[in-house]
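For reference, the structure I am asking about is given below.
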Amino acid sequence: MRKFKLVVLSFFCFLLVGCSNAFDISKILFIASIGIEKGEDKTYSGYFYLPLSSDIGKTDSAENKGKGQYAKVSGNSIPDLFKNVDITSSLKMNFRHVSSIVLKDDLVTDSFIREFIDFIKYSLEIDFNCYLFTTKEKLKDIYEFENPNQESVLNSMLVSTADVKDIYLVAKPMHFLEFSRRYFSDRSLFLPYLDVEEIWSVDGSKVKNCYCVNALYFYQGTQKKVIENPGSPYLTTTKKFDDLIEDASVSFKNYKIKVKYNEIASLSVHFDYEIYQSQKMITEDQIKNYIKNRITNYLKEYQDMDPLDLKYYATLKNKVYSYEELPIHFDVKLN
């Protein structure tokens, strides 16, 4: 027992000695989000976003409330961006807590994706636990957003991607590991589009803020935009949303959709619904037909992007799956 105590004491002494060589957190800048775009001169621009210290602390200063700041650097390659941003400050940049990466949409190509994945895979600069967005906006506008209610920028979709998931009606942010798995499995990628809009803040002024109602498909070297498509919510597990059907305001709750890959591929759709307002009688069959048409038209428009991975699973299971002959089953309950 005495030997055991000596070993434990020695271990704690070792830890205490180690602490004296630990990093001084006041000399570290924790990067929260990274944006990458390419200019006309073919060089990359990197935006390295960090919340202000006053935003993190419990200060009463309102000077920077709801705002963040970023460092912008240029380079000929992705590694150049990280090397150059590190020498712009005497502080040590820490990328282990990056929440999101925003790629300009023209970078979503096979050549860039491979370079991008290889860098993250081998550089150990960025932790794999981050989410991906794309945008057609200038990244300068994305990273100069302000939260209109003047809340902490830590609550923004760039930083707290999981906390604001209900706003993604078209596509949720894709985790880096899922992105890589799907890309190398030759499957469809679906990235949410970040857009910027000037909206009124609580003090009556206009501020730039990000929102996310569009998306981008990328499949086998080809990309296709999904711009406010009315059928989009019906192909995602948004859980709750509203729609206007036959002059009736219908609220969908617990909405779930599942693809089954058996002898034939099929879709099963489950939801609870509530009719808020209607100028005429609307039946459950009318609602089902409406949703079926929405889903069918959506799949017809985007089937070249293989949104349900039918080609992937057909090869995997040695079957023949078709978007033209896709049965849709419903499990519906009126609230």
Side-chain angles (χ1 to χ4, degrees), residues 105 108-110 113-114 132 134 168-175 177-193 213-241 243-246 250 252 254-273 282-333:
D105 57 0
V108 185
T109 62
D110 282 322
I113 288 174
R114 288 179 178 273
L132 301 181
T134 188
Y168 307 115
L169 284 182
V170 179
K172 295 178 182 177
M174 188 171 285
H175 193 278
L177 291 179
E178 177 67 9
F179 176 87
S180 302
R181 276 195 295 263
R182 293 185 68 87
Y183 178 77
F184 287 112
S185 297
D186 212 16
R187 297 167 69 180
S188 183
L189 301 173
F190 199 33
L191 298 174
Y193 250 125
V213 295
N214 303 316
L216 176 74
Y217 273 120
F218 183 80
Y219 179 65
Q220 294 186 340
T222 304
Q223 60 171 245
K224 195 168 186 176
K225 296 175 176 63
V226 180
I227 306 297
E228 295 183 356
N229 188 288
S232 297
Y234 292 102
L235 258 296
T236 58
T237 53
T238 55
K239 294 185 180 178
K240 181 180 178 180
F241 60 97
D243 206 344
L244 188 66
I245 302 174
E246 301 288 341
V250 181
F252 296 94
N254 302 315
Y255 187 88
K256 299 173 187 173
I257 187 164
K258 186 176 182 180
V259 191
K260 295 180 180 178
Y261 307 96
N262 299 318
E263 286 301 314
I264 61 170
S266 64
L267 271 177
S268 60
V269 182
H270 163 87
F271 59 86
D272 305 332
Y273 74 95
I282 182 170
T283 66
E284 189 173 285
D285 285 339
Q286 286 177 293
I287 293 174
K288 289 179 181 178
N289 287 331
Y290 176 88
I291 296 173
K292 186 175 182 180
N293 289 334
R294 278 279 193 254
I295 292 175
T296 302
N297 291 336
Y298 181 97
L299 292 177
K300 184 178 180 180
E301 183 177 357
Y302 297 103
Q303 66 175 317
D304 54 334
M305 296 287 105
D306 197 18
L308 301 181
D309 290 321
L310 293 193
K311 296 174 187 176
Y312 171 79
Y313 281 103
T315 303
L316 202 66
K317 294 176 175 287
N318 196 25
K319 304 289 183 184
V320 177
Y321 295 144
S322 168
Y323 283 97
E324 286 78 13
E325 301 172 3
L326 187 74
I328 302 175
H329 307 291
F330 289 95
D331 176 21
V332 180
K333 186 175 73 175

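We use all heavy atoms of the structure for the numbers below, so side chains are in, but hydrogens, waters and symmetry mates are not.
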Considering all heavy atoms of both residues, which atom of K311 and which atom of D304 are nearest to each other, and what is their separation?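 The pair with the smallest heavy-atom distance is NZ-O, 4.4 Å.
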Nearest heavy-atom neighbours spanning I245 and I282: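 Closest heavy-atom pair between I245 and I282: O-CD1, 3.4 Å.
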Side chains of I257 and T236: does their closest heavy-atom pair fall under 4.5 Å?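 No, too far: nothing below the 4.5 Å cut-off.
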Nearest 0.5 Å, what's the OG1-CG distance between T315 and L310?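 Going from OG1 on T315 over to CG on L310, the span is 10.5 Å.
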Mind listing the closest non-hydrogen atom pair of S188 and Y217 along with its distance?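 For S188 versus Y217, the nearest heavy atoms are OG-CD2, 3.4 Å.
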Cation-pi between R187 and Y312: NZ/CZ under 6.0 Å from ring centre and within 45° of the ring axis?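 Pair R187/Y312 counts as cation-pi.
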side-chain contact (heavy atoms from CB on, under 4.5 Å) between K292 and F330: does it pass, once the steps are laid out? CA-CA 9 Å; K292 186 175 182 180; F330 289 95; 4.2 Å; yes
Does any part of the side chain of Y219, heavy atoms only, come nearer than 4.5 Å to the side chain of L189, both counted from C-beta?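 Heavy-atom side-chain distance check fails, nothing below 4.5 Å.
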Derivation and outcome, side-chain contact (heavy atoms from CB on, under 4.5 Å), residues I291 and D243: CA-CA 10 Å; I291 296 173; D243 206 344; over 6 Å; no
Provide the closest heavy-atom pair for A265 versus L326 in the form atom of the first, atom of the second, distance.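 Closest approach of A265 to L326, heavy atoms only: O-CD1, 3.4 Å.
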Are any non-hydrogen side-chain atoms of D105 and L191 less than 4.5 angstrom apart?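 No. Closest side-chain heavy atoms not under 4.5 Å.
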Apply side-chain contact (heavy atoms from CB on, under 4.5 Å) to V170 and N229, showing your working. CA-CA 8 Å; V170 179; N229 188 288; over 6 Å; no
Euclidean distance, L132 CG relative to E178 CD, rounded to 0.5 Å: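 Here the interatomic distance stands at 11.0 Å.
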Please tell me if the side chains of I287 and E246 come closer than 4.5 Å, counting only heavy atoms from C-beta onward.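 With C-beta onward as the side chain, the pair stays apart.
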Carboxylate-amine/guanidinium proximity below 4.0 Å for K256 and D331: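 The answer is no: the pair does not qualify as a salt bridge.
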What's the verdict on side-chain contact (heavy atoms from CB on, under 4.5 Å) for R114 and Y183, showing C-alpha distance, side-chain angles and the deciding distance? CA-CA 9 Å; R114 288 179 178 273; Y183 178 77; 3.4 Å; yes
Could you check, using the six-membered ring where one of them is a Trp, whether Y234 and Y298 have ring centers closer than 6.0 angstrom?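 Not under 6.0 Å, so no.
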As an exercise, state the distance from NE2 of H270 to NE2 of H329, rounded to the nearest 0.5 Å.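 Those atoms lie 16.0 Å apart.
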V250 to F252 - nearest heavy-atom pair and separation: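 What the structure gives for the nearest pair is CG1-CZ, 3.8 Å.
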Rounded to the nearest 0.5 Å, how far does OH of Y323 lie from NZ of K300?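 With rounding to 0.5 Å, NZ (K300) is 15.0 Å from OH (Y323).
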So which atom in I295 and which in Y255 form the shortest heavy-atom distance, rounded to 0.1 Å?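 That closest heavy-atom pairing would be CD1-OH, 4.2 Å.
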Check for a donor-acceptor pair, side chain of Q286 on one end and backbone N or O of T283 on the other, with a separation under 3.5 Å.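 It does hold such a pair.
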If you round to the nearest 0.5 Å, how far is NZ of K225 from CD of Q223?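 One gets 5.0 Å once the value is rounded to the nearest 0.5 Å.
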Using side chain to side chain contact (heavy atoms under 4.5 Å, CB included) as the criterion, point out the one residue from L235, D309, L267 that pairs with V259.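 Testing each of L235, D309, L267 against V259, the sole residue satisfying side chain to side chain contact (heavy atoms under 4.5 Å, CB included) is L267.
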Step through the shown structure and confirm whether more than 12 heavy atoms of other residues, nucleotides or ligands are within 6.0 Å of NZ on K333.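 Result for NZ/K333: open.
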Would you compute the distance between atom CZ of F179 and atom CD1 of I113 and round it to the nearest 0.5 angstrom?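 Interatomic distance, F179 CZ to I113 CD1, rounded to 0.5 Å: 4.0 Å.
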Between Y302 (side chain) and K224 (backbone), is there a donor-acceptor pair under 3.5 Å?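 No; judged by distance alone, with no hydrogens or angles, the pair does not exist.
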